[in-house]
Amino acid sequence: MTSTASSPDTLQGQAPRDQRPSWQQRLRRFGYTAGPRSDVRERLVPPYVQPSPRLWQVLGVPPALAERIARWSGWGGPLLVTLMAGVMRFWHLGSPKAVIFDETYYAKDAWALVHRGYEVNWDKNANDLILQTHGHVRIPTDAAYVVHPPVGKYVIGLGELIFGFDPFGWRFMTALLGTLSVLLLCRIGRRIFRSTFLGCLAGALMAVDGLAFVMARTSLLDGVLMFFVLAAFGCLVIDRDRSREKLAAALPADADGRVRPDAHTAETARLGWRPWRWTAGLLLGLAIGTKWNGLYILAAFCVMAVLWDVGSRKVAGARHPYGAVLMRDTGITALAMVPVAIATYLLSWIGWILSPTNGSGGYFRNWAATDGKGGMWTWLFPDWWRSLWHYEHEVYEFHRHLSSPHTYMSNPWSWLIDGRPVSYFYESPSPGTDGCPAGAGGKCAREVLAIGTPLLWWVACFAVLYVLWRWFFRRDWRAGAIACGIAAGYLPWFLYQERTIFFFYAVVFVPFLCLAVAMLLGAVIGPPGSSDTRRVAGATGAGVLVLLIAWNFIYFWPLYTGTAIPIDEWRSRMWLDTWV
C-alpha cells in the first residue's frame, strides 16, 4: 500500500518556522504545515514509494520474489490495467452496426480526407449505402464546409484504411487511443505520486468510467483530443523530472555528502534543450489540430511548465527564481511549445493546402484568387495562407454564434454531476429481435448513452475540492498539476454558456478527475507512518468505494454498449429525470 503523503518538495524553499511570513502563520489554522527539511536532492527528485516488507510477509511472498515483483510492477501493473481496458473497449466494437450520433460527420469526413485531402459533401442516403455495401461507395468531389481541423479525422481515417469503411474501421483508432490513454494515465499517475499503486488505481478508474469508455467506442474527435492532451501532460511531467535531476546533479555537496542549496548554481544552471518539452509542443499542436479548445490547454500548460521551473530553481536555492527562469528557461519553453504547436497545426492542413486551386479543391481553397483578390498587403502572404486565414475566420464566426437548440445540449455547470448525458443511439427492438429476450413481455430498449459512471463522477466532485485544498494550503505541486488539467479542459466552456455545447466535451479532463480521485483515496488509506489500525481501516474504506464504482460501471454496461434490455430495466437505470 502507499499514500499521498507530501513529497519532499511540497513546501519549496520555506523559511524556518520562526521566520515564516505572517500569511503562512495564518494559513496554519487551515492545515498549512511545513515538512521537515531534507537533502535537496531528495526534494528535487523524490524516491518512489516501495511496498512495506510487512505486506509481503503477510502475503507469504519470499523476499527475492517480492523484490522481483516490485521491480517489474512499474510496467507490469499498468500493462495489466491497460489489457483489461482494451478488452472492454474492443469487445464487439462494431456494434451497433450503425452510424451513431456525430459519426455521420467524422467517419465520412475521415474517409474523404485520407483519399482526397479535404472533406466533401455526401448524399443524404450515404449512411445507409455505406452500411449496405460495406463501405464500397464512390467518394464525391464537391468540397464541404467543415468546422473542425483535420488531425482527428486523419486519425479516424487511418483505422478506416486498415480495417475498412465500416463501424469497426472508423471506431478502431478511437478505441486504440482510448486504451493507450489508460496506459499513459497509469504511468503518469505513478510518476507524479511516486507510487505504482496509485498510478494503476487512477488508470483503473478511467478504465471503468462510462464517458471515457463510450467515447473510445465512438468515432468522435473528443477522445482523440483527450489522448493528445494527456500525452502532452505526461511529456511535461517527464521534462520536470529530468530538469530537476540535472539541477540536483549540478548542486554542490558538503563534506558529509549532503546536497545543499546553492544560489549561484540554481540561478545560472542551464538545463539543455529539453526534448520532452518539444514533444509536448508537438502533441499540443496535434490537439489544436483536432479541436480548437486545445488552444486553452496549450496556454494553461505553458504557465504550468514555467511555474514548475520556478519551483525547481527555488528548491535548488535561487534567491530570485522568477528572474532565473526568465533568463534561463522561458525562451526554451516559448520556443519548444508555442511555435512548434503552431507549425504542427499548419502542417496538419497539408492536404487542403496541396488541393487544386481552380475551384475543385478544398472548401475556400481558391478564396485568395477570387473573392480575396486586391488589398495593399496581400503581396506579403501566399494565397494558401490568406485562403486558410479566411477559412479559419469563418469557422470562428460559426462557433461563436452557434446557439441553435439541441435535445441533448447542456450547461457546463451540470457536467460534474452527470446532469445531462448524450444519447448517441436508441432503438426499441421487439422481443426475439436484436438481442431483446423473447420473454421480455414487450419492446426492449437499446441505447448508447454517453454518461460518466455516476458514482465515480460524484466522488470526483469531492476529490476536486480536496485537490484544490491540497494545492492552496499544502502547496502540493501534484494537486496543482491535476487542478490545471481539469481547469484547462473545463473552465473555458463557461465562456460559451449560450452556445450549443454537450457533456461529452468533458472527456478531455476525465483523466485528471481520475487522478484527483486516486489522490483522495490515497489520503483515505493514510500516510506510511500511520498505525496498522488506521491503514487497514483506510484501505478497507477505499477498497469498498472502488468496488462500488466498478459495480456501478457494470450496472450501466448495457447503456454503454447498446445492449438490448427490457424497458423496465432501462427505466430503473434512469436515476435522474434529465437522463431521459
Side-chain angles (χ1 to χ4, degrees), residues 102 105-122 139-158 220-222 224-225 228-229 232 278 281-299 302 334-402 492 496 499:
D102 279 355
Y105 304 114
Y106 305 129
K108 291 180 292 188
D109 285 348
W111 188 246
L113 266 176
V114 297
H115 284 87
R116 297 205 182 282
Y118 57 90
E119 297 88 341
V120 299
N121 283 312
W122 294 81
I139 304 174
T141 58
D142 183 26
Y145 174 62
V146 296
V147 294
H148 290 300
V151 170
K153 288 168 279 189
Y154 274 122
V155 170
I156 293 169
L158 179 60
L220 269 65
L221 301 180
D222 300 82
V224 180
L225 172 64
F228 289 136
V229 169
W278 290 79
L282 171 65
L283 290 164
L284 289 169
L286 293 173
I288 300 168
T290 301
K291 291 191 78 172
W292 275 7
N293 49 315
L295 282 166
Y296 292 105
I297 296 165
L298 170 64
C302 283
L335 182 64
M337 295 182 70
V338 178
V340 170
I342 294 174
T344 302
Y345 177 81
L346 290 175
L347 188 61
S348 72
W349 285 89
I350 191 66
W352 181 90
I353 293 171
L354 296 179
S355 67
T357 60
N358 59 3
S360 63
Y363 200 86
F364 279 138
R365 180 61 186 88
N366 63 336
W367 178 86
T370 55
D371 297 342
K373 290 181 67 175
M376 61 184 299
W377 301 108
T378 56
W379 61 274
L380 282 174
F381 303 99
D383 283 357
W384 71 264
W385 176 276
R386 294 193 297 115
S387 294
L388 181 59
W389 182 266
H390 176 72
Y391 194 167
E392 302 284 60
H393 177 266
E394 292 298 310
V395 170
Y396 171 76
E397 289 297 317
F398 170 85
H399 284 302
R400 194 164 66 93
H401 296 102
L402 180 62
Y496 305 99
R499 270 199 52 199

Interatomic spacing from CD1 in I342 to CG in L284 - rounded to 0.5 Å: 12.0 Å
Roughly how far apart are T141 OG1 and N121 CG, rounded to 0.5 Å? 10.0 Å
Is a donor on one side and an acceptor on the other found under 3.5 Å between the side chain of K291 and the backbone of G152? no
4.5 Å side-chain heavy-atom contact, V338 and C302: yes
Just by distance, do the side chain of R116 and the backbone of P140 share a donor-acceptor pair under 3.5 Å? yes
Specify whether F364 and Y391 have parallel, tilted or perpendicular ring planes, treating 30° as the upper limit for parallel and 60° as the lower limit for perpendicular. perpendicular
Smallest separation among heavy atoms of V229 and I297, with atom names: CG2-CD1, 3.6 Å
Least distance between heavy atoms, G157 atom then A110 atom: N-CB, 3.5 Å
Is the closest side-chain heavy-atom distance between I156 and L221 below 4.5 Å? yes
Find out whether L402 and V147 are in side-chain contact, i.e. whether some heavy atom of one side chain is under 4.5 Å from a heavy atom of the other. no
Least distance between heavy atoms, V151 atom then L286 atom: CG1-O, 3.7 Å
Minimum side-chain heavy-atom gap W122-I139 below 4.5 Å: yes
side-chain contact (heavy atoms from CB on, under 4.5 Å) between W349 and W384, worked out: CA-CA 10 Å; W349 285 89; W384 71 264; over 6 Å; no
CG on L298 to OH on Y345, rounded to 0.5 Å: 13.0 Å
So which heavy atom on A368 is nearest to which on D383, and how close? CB-O, 3.4 Å
Tell me whether the count of non-hydrogen atoms from other residues, nucleotides or ligands lying under 6.0 Å of OH in Y105 goes above 12. no
Could you tell me which non-hydrogen atom of V395 sits nearest to which non-hydrogen atom of V146, and how far apart they are? CG2-O, 3.8 Å
Closest non-hydrogen atom pair, G361 against A143: O-CB, 3.2 Å
Main chain of G359, side chain of R365: is a donor-acceptor contact present, judged purely on distance under 3.5 Å? no
pair P150-W352: side-chain heavy atoms closer than 4.5 Å: no
List the steps, then state whether side-chain contact (heavy atoms from CB on, under 4.5 Å) holds for V155 with T290. CA-CA 9 Å; V155 170; T290 301; over 6 Å; no
Test log, rule side-chain contact (heavy atoms from CB on, under 4.5 Å), inputs H399 and H148: CA-CA 10 Å; H399 284 302; H148 290 300; 3.7 Å; yes
Are the aromatic ring centres of W389 and F381 under 6.0 angstrom apart? no
Y363 and Y145 aromatic ring geometry - parallel, tilted or perpendicular at 30°/60° bounds: tilted
List the steps, then state whether side-chain contact (heavy atoms from CB on, under 4.5 Å) holds for L388 with L346. CA-CA 9 Å; L388 181 59; L346 290 175; 4.0 Å; yes
